[in-house]
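Numbering of ligands and ligand atoms starts at 1, following listing order. Not measured: the values here are computed from a predicted model.
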Amino acid sequence: MDVGADLKNETTKMPIHIAFIIDGNGRWAKKRGLQRSVGHKAGFNRLKKVIRRCFELGIKYVSIYAFSTENWNRPKAEIDGLINIFKKYFDSKSFIANYPDTKVNIMGDYSVFPQDLVDTADDLVARTKQNDKFILNIGVNYGGKDELVRAVNNIIADGLTKVDRNVIDRYLYTAGQPEPDFIIRTSGEQRLSNFMLWQCAYSELYFPKVLWPDFDNKELQKALEVYSKRVRRFGSIKEENTNETEVNI
Ligand code: IPE
Ligand code: IPE
Ligand code: MG
């Protein structure tokens, strides 16, 4: 049975915004006696399929954590390998063929990458900015703490002297978007590693053991089934318990 198709009809139980912390590429390669960069390549091939499947299922917002502000601590060769992968991935021709109707929103200061990658990313953002059917947020040189620091500095630069939650929302990379309903981190690690720290306040978290390059449609369906069974309360209580009367205690 195609569980995905089934879930699609239960729109209230499907996330509107799903986020992925793609983890385990290195371990996937190591298990096969391959270089970490080969794991990243397999990871990005997987990424294309997972994002497409999410959009097919009608999930409008997808966020990806591809490179953190802390990933600069990795060996240069691995970083260079990732940069090469990003260059290919962001190439607008193949990207638009892969994900038509999709707007790309890059989270993170990508101006620090080599100029050819910056140009490729700028071109992709410009060519997709009119689209609004699907939104793809990609975190490169992204960190939740840096995002908040940037927001505060921009708020100061704009001369605001008082903020509320809505103001902060407007200064994040995800301005105007709903917060992620569901955050999936593969490879069994149970942490956020500086990802969407403001936006994750009420996200459902899921940590499957599968390594990212093995996260296939079946794993996605399993994850969506888990999500559909979660009870989200947002600090409230379930309705059947609300007929309580005041008791003197
Ligand atoms: C995640 O896979 C991908 C990126 C950080 C770009 P890792 O490279 O962290 O893989 P592991 O955790 O070492 O297995
Ligand atoms: C988190 O993965 C960053 C990305 C997925 C881009 P890491 O593998 O870098 O995280 P830690 O170091 O295990 O926390
Ligand atoms: Mg990792």
Side-chain angles (χ1 to χ4, degrees), residues 17-51 54 61-91 95 104-114 117-118 120-121 124 136-150 172-174 179-180 182-200 203-216 219-220 223:
H17 186 167
I18 189 165
F20 295 94
I21 301 174
I22 57 172
D23 201 11
N25 293 349
R27 277 164 279 174
W28 184 91
K30 196 175 174 199
K31 257 172 60 179
R32 289 164 177 75
L34 301 167
Q35 299 217 24
R36 295 179 60 85
S37 304
V38 181
H40 292 313
K41 196 163 175 234
F44 274 82
N45 287 335
R46 175 62 63 195
L47 188 61
K48 284 185 200 158
K49 293 181 190 147
V50 174
I51 296 170
C54 288
Y61 300 90
V62 176
S63 294
I64 304 297
Y65 202 8
F67 191 90
S68 74
T69 47
E70 289 71 35
N71 286 147
W72 293 107
N73 295 323
R74 296 193 178 198
K76 188 176 179 300
E78 181 174 352
I79 296 173
D80 288 347
L82 278 163
I83 289 172
N84 280 331
I85 291 172
F86 295 151
K87 258 185 252 169
K88 280 198 197 117
Y89 190 72
F90 288 154
D91 177 70
F95 192 98
V104 178
N105 178 39
I106 298 186
M107 308 191 292
D109 177 13
Y110 63 94
S111 71
V112 298
F113 286 108
L117 174 55
V118 175
T120 307
L124 180 62
L136 179 61
N137 301 309
I138 306 178
V140 283
N141 190 26
Y142 172 83
K145 290 194 176 186
D146 274 15
E147 180 179 35
L148 286 166
V149 170
R150 170 182 175 269
L172 300 178
Y173 290 115
T174 49
E179 292 175 348
F182 195 30
I183 299 180
I184 299 175
R185 180 180 186 145
T186 52
S187 88
E189 307 295 353
Q190 302 192 17
R191 56 178 171 265
L192 293 172
S193 300
N194 202 8
F195 189 53
M196 296 183 107
L197 297 184
W198 174 274
Q199 299 92 328
C200 76
S203 303
E204 294 295 325
L205 307 178
Y206 178 59
F207 302 107
K209 287 219 162 58
V210 58
L211 302 175
W212 176 256
D214 293 328
F215 190 86
D216 57 12
E219 290 288 343
L220 179 64

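In this structure, A66 counts as a contact residue of ligand 1, since one of its heavy atoms falls inside 4.0 Å of the ligand. Not a single heavy atom of E70 sits under 4.0 Å from any atom of ligand 2. The closest approach between a heavy atom of K30 and any atom of ligand 1 is not below 4.0 Å.
Of the options K41, H40, R46, a side chain to side chain donor-acceptor pair (under 3.5 Å) to N25 is made by H40 and by none of the others.
Here is the list of ligand 1 atoms found below 4.0 Å of a heavy atom in I22: 1 (C), 2 (O), 3 (C). Per-residue contacts place R191 under 4.0 angstrom from the following atoms of ligand 2 (heavy atoms of the residue considered): 11 (P), 13 (O), 14 (O). Interface atoms of ligand 1 facing R74, defined by a heavy-atom separation under 4.0 Å, are 5 (C), 7 (P), 8 (O), 9 (O). Numbered from 1 in the order shown, with element, the atoms of ligand 2 that lie under 4.0 Å from a heavy atom of I21 read 5 (C).
More than 12 non-hydrogen atoms from other residues, nucleotides or ligands lie less than 6.0 angstrom from CD of E78.
Residues Y173 and R150 form a side-chain contact, since some pair of their non-hydrogen atoms from C-beta on lies under 4.5 Å apart. Put simply, the side chain of S193 reaches to within 4.5 Å of the side chain of R185, judged on heavy atoms.
Between V62 and C54 the shortest heavy-atom distance is CG2-CB, 3.8 Å. Scanning all heavy atoms of the two residues, the minimum distance from L192 to I21 falls at O-CD1, 3.8 Å. Smallest separation of non-hydrogen atoms from A121 and Y110: CB-CE1, 3.6 Å.
On a distance-only criterion, G26 and ligand 1 share at least one N/O pair closer than 3.5 Å. Taking only nitrogen or oxygen atoms, main chain and side chain alike, D23 reaches within less than 3.5 Å of ligand 1.
Metal site remark for the Mg ion (ligand 3): E189 contributes no N, O or S atom at a distance under 2.8 Å.
Taking CZ of F95 as the reference point, atom CG of L136 lies at 4.5 Å (rounded to 0.5 Å). Taking CG from D23 and CZ from F215, the interatomic distance works out to 13.0 Å, rounded to the nearest 0.5 Å. A distance of 9.0 Å separates CE in M107 from OH in Y65, rounded to the nearest 0.5 Å.
With a 4.0 Å heavy-atom cut-off, ligand 1 is reached by no atom of L211. Neither the backbone nor the side chain of S187 has a heavy atom within less than 4.0 Å of ligand 1. Counting heavy atoms closer than 4.0 Å to ligand 2, residue F195 contributes nothing at all.
The heavy atom nearest to atom 13 (O) of ligand 1, out of those in R27, R36, E189, is found in R36. Between V140, L82, N71, it is N71 that holds the heavy atom closest to atom 9 (O) of ligand 2.
With F67 as the aromatic partner, R74 does not meet the cation-pi criteria of under 6.0 angstrom to the ring centre and within 45 degrees of the ring axis.
At the shortest separation from atom 2 (O) of ligand 2 among protein heavy atoms lies R185 NH2, 3.5 Å. Of all protein heavy atoms, the one lying nearest to atom 14 (O) of ligand 2 is S193 OG, 2.6 Å.
Distances from the Mg ion (ligand 3) to the N/O/S atoms of D23 are shortest for OD1.
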